[in-house]
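Have a look at the structure below before the remarks.
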Protein chains: 4
Amino acid sequence: MSSDALTPTPAHKFTFGLWTVGWQGRDPFGDATRPALDPVETVQRLAELGAYGVTFHDDDLIPFGAGDATREQSVKRFRAALDAAGLTVPMATTNLFTHPVFKDGAFTANDRDVRRYALRKTIRNIDLAVELGASVYVAWGGREGAESGAAKDVRTALDRLKEAFDLLGEYVEQQGYDLRFAIEPKPNEPRGDILLPTVGHALAFINELERPDRVGLNPEVGHEQMAGLNFPHGIAQALWHGKLFHIDLNGQSGIKYDQDLRFGAGDLRQAFWLVDLLETAGYDGPRHFDFKPPRTEDLDGVWASAAACMRNYLLLAERSRAFRADPEVRSALAASRLPELALPTAQDGLAALLADRSAFEEFDVDAAARRGMAFEQLDQLALEHLLGAR
Amino acid sequence: MSSDALTPTPAHKFTFGLWTVGWQGRDPFGDATRPALDPVETVQRLAELGAYGVTFHDDDLIPFGAGDATREQSVKRFRAALDAAGLTVPMATTNLFTHPVFKDGAFTANDRDVRRYALRKTIRNIDLAVELGASVYVAWGGREGAESGAAKDVRTALDRLKEAFDLLGEYVEQQGYDLRFAIEPKPNEPRGDILLPTVGHALAFINELERPDRVGLNPEVGHEQMAGLNFPHGIAQALWHGKLFHIDLNGQSGIKYDQDLRFGAGDLRQAFWLVDLLETAGYDGPRHFDFKPPRTEDLDGVWASAAACMRNYLLLAERSRAFRADPEVRSALAASRLPELALPTAQDGLAALLADRSAFEEFDVDAAARRGMAFEQLDQLALEHLLGAR
Amino acid sequence: MSSDALTPTPAHKFTFGLWTVGWQGRDPFGDATRPALDPVETVQRLAELGAYGVTFHDDDLIPFGAGDATREQSVKRFRAALDAAGLTVPMATTNLFTHPVFKDGAFTANDRDVRRYALRKTIRNIDLAVELGASVYVAWGGREGAESGAAKDVRTALDRLKEAFDLLGEYVEQQGYDLRFAIEPKPNEPRGDILLPTVGHALAFINELERPDRVGLNPEVGHEQMAGLNFPHGIAQALWHGKLFHIDLNGQSGIKYDQDLRFGAGDLRQAFWLVDLLETAGYDGPRHFDFKPPRTEDLDGVWASAAACMRNYLLLAERSRAFRADPEVRSALAASRLPELALPTAQDGLAALLADRSAFEEFDVDAAARRGMAFEQLDQLALEHLLGAR
Amino acid sequence: MSSDALTPTPAHKFTFGLWTVGWQGRDPFGDATRPALDPVETVQRLAELGAYGVTFHDDDLIPFGAGDATREQSVKRFRAALDAAGLTVPMATTNLFTHPVFKDGAFTANDRDVRRYALRKTIRNIDLAVELGASVYVAWGGREGAESGAAKDVRTALDRLKEAFDLLGEYVEQQGYDLRFAIEPKPNEPRGDILLPTVGHALAFINELERPDRVGLNPEVGHEQMAGLNFPHGIAQALWHGKLFHIDLNGQSGIKYDQDLRFGAGDLRQAFWLVDLLETAGYDGPRHFDFKPPRTEDLDGVWASAAACMRNYLLLAERSRAFRADPEVRSALAASRLPELALPTAQDGLAALLADRSAFEEFDVDAAARRGMAFEQLDQLALEHLLGAR
C-alpha cells in the first residue's frame, strides 16, 4: 500500500478531544504525570498531525467558574488558533462530572437545584458550541447512577433524564440551532451502575423523547466492551436505527476499569470489524478519538499515540478494502450464504409461507442440518488480511 | 412474620418452565445425571408445591419431529394433568436452538429455508399456546448471532429479525389471538455474541416493528448479569417503557457461563431490590422461574430447589415490605432527597429556568457540593432489613 | 441475638487504614468531595466506634517529601493520639503509587534509580512501622505492571521483585525486627495488568524467595472479585498454605473498576462465607477494613459506613454461629457427605488401593452416579440463616 | 516471508487432542451437529496437515466401560495408525468429567468411593499413556469445585487433591515411568467455581506436594482469559518457576463461557505476545491446540480450522522474529529502558544501598518523574509488525 494512504489529512475527518492529549495522568491512585497543555498548542499540534478538528468540554477551554472576561479571552484565543490551523469544531459537550456538586449526578441528581444548575451549564455551552460551528452536542451522563439500591429510583430518574433532553431540545429549537444531541452510554465507572448503560438502553430511551429525531448516539469502543459486548455489533444496530450521530474511538482490554487506550490497542479484531463497518456503511461523521495516552508517557509519547490512533485507523481501512476486494473472500462469503441472508424470508407473504409445504411438512431438517456454514474459512481469510499476510 | 406469608399459593403467580425442573443435567462437559421427567408428573408436583402455572417449549411437550398422533396424545395428557392440578399455562415458547438445523440461528440464519422452517415451527406452537390459554409468547433468539465478524451482517440480520416479528404479529392478528410477544435478550452463550444482547437493545428493536404494542420483554436475571449489568435497573427501564410483559427469575454469580441457579442464589442484594421493585411497581404478571437445579442433585434436590425459588421470593417480599414500612427508612429516604427527585426539574418551564439567576449565576456551587447524600445510612438500613436484623 | 454481640470492641480486632475514612473522594473523573481528615481525629473517632487499631501508608501520616522536623512532629502527634485512644498499629505499608515517579512501578520500574528509591522509601517506613508496634508490613505493588506487551519483560520483572523482597527480608532480619511481610495481589487498575494478579500468583511467588517464612498474603475481597474469583475459596487456599498474614475486607459488585465498598455491600453471600471461614478457621489477625466511603457522602456518611463495616462483620458472624449450631444443618452436611470428604482417600496406601477390586473393577459406577449430593437443601439452609429467617 | 516458513512440519511440534477436531458440537443448548470421527482418520488427517502428534483422554480412544477386548482392539488400531502416519503421543489425560459419577468431582468428590475410582481410572490410563510414549500427563480438574458455599470445604478438598497427586506420583515412581504431571487450571465452568482457578493457584499448590519436581502446569489460553488475566503474563510466571510443562493453545473473546476458538481467533494481541514469549524463551515442548471448531462447521470446516491453528502460530512467529530483528525496535526497547530492568537493583548489596545518598536523600524525585517511558512508541512498532505493516 502507498504511504500516502496512511497519511492522515482533514479529508479523513479525524478529530480529538482537548481532554485526550491534554489528560495529565491523574488516576484513582496517582497524581498528574504531565503538565497541562494549552488548548492553543493542542490545536497547532493536531493540525500538524493531519487532524480535521477538535472537540471540548466547556471546562477544558474555560476554567470552571471563570468570569466573563476570562471566558471571552479563552474563546478568542481558541478561535484564533482554530482559524490559523484550519481546524474545525464539529462537536462539543459539557463537563457534568468533575466538580463535587455533581457527585450524585447532574440531570438526575436527587437535588433539584443541582439539576437546574446542570441544565443551565449545558445550555450555556451549547451557545458556545454552535458559535464555534459544532453540529453535534454530546451528552455523557457519567454521574447519572448509583452505588446502592435505594439511592436512586430509576424510573423517576429516567423521568428527569427525559425532562432534561426535552428541555434542551426545546431550547435548541427555539434558538434555531442546527444541532443534534448524541448520548454516550457507559455501564459503570465512576458510578457503580450508570443509567443508560449500553447502546441499546440509550437507543430505547430516545424513543420516549419529545424530539427523538434530534437525538442519537455517541458510542465509545471501550464503554461497550466494559460490558463484554461486541462493539461492531452495537454500532451496526445503532446504524440500523439511523442513530449513529458520532463515535468515540479508543481501545480497551476486556472487562475492567475504563482504559481509554489509543485506537488499535486493546481488541484488535473488533477494531478491524469496526473500521470495516464504518467504511462500508457510509458513516460520514467525524472519526473522533476519545483516548488517554497512558500516564507513563511524556508529551512525546502523547503526540506519538495521537498520531498512531489515526495511522491505525487508516491501516485497518486498507486491510478492510483489501479484504472486501479479494475474490476468494467473495467466494467465501457466498459459501457462507451471506447473500442469502439479504433475501427476504417471505417476500411471498404470510399466506404463501403458511401454504408452502416445502417450508415445514416436507422440509428435510436433517439434510439442512448437515450443511456446514464455512465460517471458519471465511474468518481465517479475514484474519490473514488483518495480519497483512495475503 | 407468619409462616403463611411464606407459603406459596396460586395467588402469588409462581410459574415454572417444564424444562427447568425437567433439566437432566447435560452440560458442555458432561452427560445427563437425572432421568427425564414426565410433564404430567411435573404438573402434579408443582401444583403440590403451590405453583400457579407451567410454561413450555414445543419440544418439551411433544418430541421434535413427532407425528400428529403422538402430538395429540401428548397435548391431551398434558391438558388433563393441568385440569386435574388446577394449573395454568400463561406462557409458551419455541425451541429454536436444540436441533442442529438451527446451528446458525433461526429467524436470522443465513439459510432462507431454515428461516422459513423456524417461522412455521413457531406459528405451529403459537396455535397450541393459545389453545392452552397462554397470553404471552416468549422469543429467546439464543442462536441468532455469530462467533466471527464476517459470518453475520448484523444490519441485514436485524432486517430479517424484524421481518420475522412482523410476520408473527400479522399471523396472531389475523387469527384474532389475544397474545403478546416477549423478547428475551442474552449477551452470549451459546453464540459468541447474540443479537439483541441486553434489555436495552431489545427495547430499541421493538420500536422498529410494525406492531410495537404487541411486543415487549421477558428479561432474565442471569442474562443481564452475564454482561455485568444491574438487573433491577434494567427492569426499571423496561417498566418505564411499559414493556415488562414477563420475567425470568433465577440466580447468577457474576460474569461467566449461564448458571441458571435457583432464585435467591447468586447476587442476593440484586434479588432483594428486584423483588422490592416488582412488588412496589405493581407488576402483575407471572413470577416465572427459569432455573436449572444443579446437576449434582437428584430429584429430591430438584423439588427442594423449586420450592426454595418460591420461598426466597416470598422471604424477600417480606423483607421489602418491612423496609418500606420502617419509619427510619422513610426518614433516610427523605435525608437522601428521594422525594426531591420526584419533583420536575423545571415545571416552571424553560423560559423561567433561563431567567432564574438562582439556578446559575447566583447558585452557590460549593455549598451545594458540601451536602452529603446520606446514601450509606440508607443502604445500611436496607442491608439490615435484608439480613432480618431489624 | 443480643445487641452486645453486635457492638464492636477492641477484642474483635477491627482495624482501619487512615486512607479509608480519610479518602477525599478524588476519582478518575472527579475532584475531592470531602476535606482532608487529621489522622489524630481519625484515631479518636475510630476508637469511639470500637476499633482496635489503625494502619497507614507513610504518606498518610507524613506528607511526601517532608523534612525531618515535620516528620518527627507528625509521628509524635500520632503516637500521642494512639496512646490517648488506646489504639494499636498492627500493620503499616508504603505508598509506592501516588507520586509520578512510580508511574512505571517501584520495585519493578524499568528505571534502576526508581527501584532503589522505592526500596529506601520502604525501609524508612519499616523502621517507623516497627517503632509504632506493627508486626505485619503490607506490600501492594499496584504500579508493578504494564499496559502493553513489550513494556515489561515479566520474567525479568519477577527477578527484580524477588530481589526487592530478599533485600527487605535481609534488612528486617539484620535489624532483628519481629515483622512479617504480606503481599497484596490485584489483577489490574491502576495498571492494565499487574504482576502477581491473584492470591495464587502471590503464593507461588513467595516460594521462590530467600525467606519464604517471613512473607505471606494480605488478600483483599474486591481484588479477587475483580477477576471473578471466589474470595472465600482464595482465602481457604491461603490458609491451607499457612499464608493468611492479614486481610483487607471491603465490598465489590462484580468485575469492574475497584469499588472498595464498605464490608457487606457487594457480594453478600461471599461475605457470609468469608466470615464463616475466618471465624471457624481460627484466623486471629486483624479484621482490617480497606474501603472507600462513596464520594457522595459527607463525614457523617464516612463514620456511618465505618461503623457499618464492623456491624456487618458481627452480624455475619452471628449468622455463621447459628448456621453451624443448627442440628438441621449438621444433618444436611452429613447428607452432602462433607464428613466423608475429610476421610483420606487411601489411608490403606497405594498398594491396597490398586488391589481393591471394589474400587474399580467391581465398582457400580451407575449406582454411584445416581446418588444426589443434596447441596441445594444445604445451601437453602445457609441462605435462610443469612436472611435471619431461621 | 517464504511460504515454507508457514508450512507446518513435525519439527514445529504441533499437536492436537483427539477431542478437538473430534468434537461433535454438543453444547448446553444444542445437540451434536457433526458425526463422530474415528481416531484413525484423525491421525491420518492431522499427519497430512503437518502435525507432530495427537493426545487423548482415555474415553476418546476406548469407550467408557468397554471390556478388555474392545480396549485392546482400540489401542492396537490407534497404534497402527500412529505408526503409519508417523505421529507421536507426547501427552495423555483422563476424562474425569463426562460420566455423571463425577458430578461432584473426582479427586475431591465428597464421596470417597468416587475418589478411589477416579484414581484407579487415572492410573489405568497412565499405563496406556506411557505405553504410547507420552512424557506428560495432564490433569484438568474441571469438576473439582462447587456451586454453593457449604458444599465443599476447600481446605479439606485441597488435602484430598494433594493426596491424589502424591499417590499418582508414588505410582509413577514405583513403575519407573519417565512421566511428569501437568495441572490445567480453570476458574469456572462446568462448576460455579473450580479449585486451583488460575496458573498462580496451581503453581502454589504444587509446592505442597511430595514430589513437586514431577508436577508442573498445562495452562490454557482461554482459561486464564476467562478470569480476565493476561495470558502471556501467566506463562511468563510459569516459565519463571520452571513449570511450563505443556501448553493448550486456543482463542477466547473475553470473560464469558469457555469458547475454545481456534488459535489466533479471540485476543490477537495476546496471541502475538504469547508466541513471541514461547519462541524467545526456549520453550521446547509441544504446541498443543485444545480448541473446538464451532458447531456451525462441517468436517471441511473442522480441518480448515485445524490447519489455521498451525498457520496462525507460524504467522505470529514470523511477525515476532521480524519485530525482534528490527533495529528501530531495539532502539525503542532501549528508550523504554528494558535493558535497565535486567540490571540488578542492588548488586552492590544492602549496606551499599542504605549508604547511597543518591538513592534517597539526594535523589531528584521530580526530575525522575518527568522522564517518559516511551511505551507508546514501542507498542505501536509491535502493532505495526503484527499487522504486517513494516
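Just so it is clear: chains get the letters A, B, ... in the order the sequence lines come, proteins before strands, and each one is counted from 1. The structure presented is a predicted model; accordingly, all values stated were derived computationally and were not measured.
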Relative to chain C, which segment of [X] carries a heavy atom at a distance below 4.5 Å: side chain, backbone, both, or neither?
{"X": "D:Q380", "answer": "neither"}
{"X": "D:Y117", "answer": "both"}
{"X": "D:E376", "answer": "neither"}
{"X": "D:L333", "answer": "side chain"}
{"X": "D:E208", "answer": "side chain"}
{"X": "D:I123", "answer": "side chain"}
{"X": "D:L378", "answer": "side chain"}
{"X": "D:P197", "answer": "side chain"}
{"X": "D:D276", "answer": "neither"}
{"X": "D:K162", "answer": "side chain"}
{"X": "D:N207", "answer": "side chain"}
{"X": "D:I206", "answer": "neither"}
{"X": "D:P344", "answer": "both"}
{"X": "D:E163", "answer": "side chain"}

Contact class of [X] relative to chain D, heavy atoms under 4.5 angstrom:
{"X": "C:A281", "answer": "both"}
{"X": "C:K121", "answer": "both"}
{"X": "C:L353", "answer": "both"}
{"X": "C:E147", "answer": "neither"}
{"X": "C:R269", "answer": "neither"}
{"X": "C:A227", "answer": "both"}
{"X": "C:I255", "answer": "side chain"}
{"X": "C:E340", "answer": "both"}
{"X": "C:F360", "answer": "both"}
{"X": "C:A118", "answer": "neither"}

Under 3.5 Å: donor-acceptor pair, side chain of D:R155, backbone of C:L239: no

Top contributor to chain C contacts, counting heavy-atom pairs under 4.5 Å, from D:R112, D:K152, D:R120: D:R120

Test applied, side-chain hydrogen bond (donor to acceptor under 3.5 Å, both in side chains); reference residue, D:R371; option that passes from C:D113, C:N110, C:D104: C:D113

Considering all heavy atoms, the nearest D:R116-C:D348 contact: NH2-OD2, 2.8 Å

Mutual orientation of the aromatic rings belonging to D:W240 and C:F205 [parallel < 30°, tilted 30-60°, perpendicular > 60°]: parallel

Check: C:D366/D:H99 side-chain N/O donor and acceptor closer than 3.5 Å: yes

Between D:Q237 and C:H201: side-chain donor-acceptor atoms closer than 3.5 Å: no

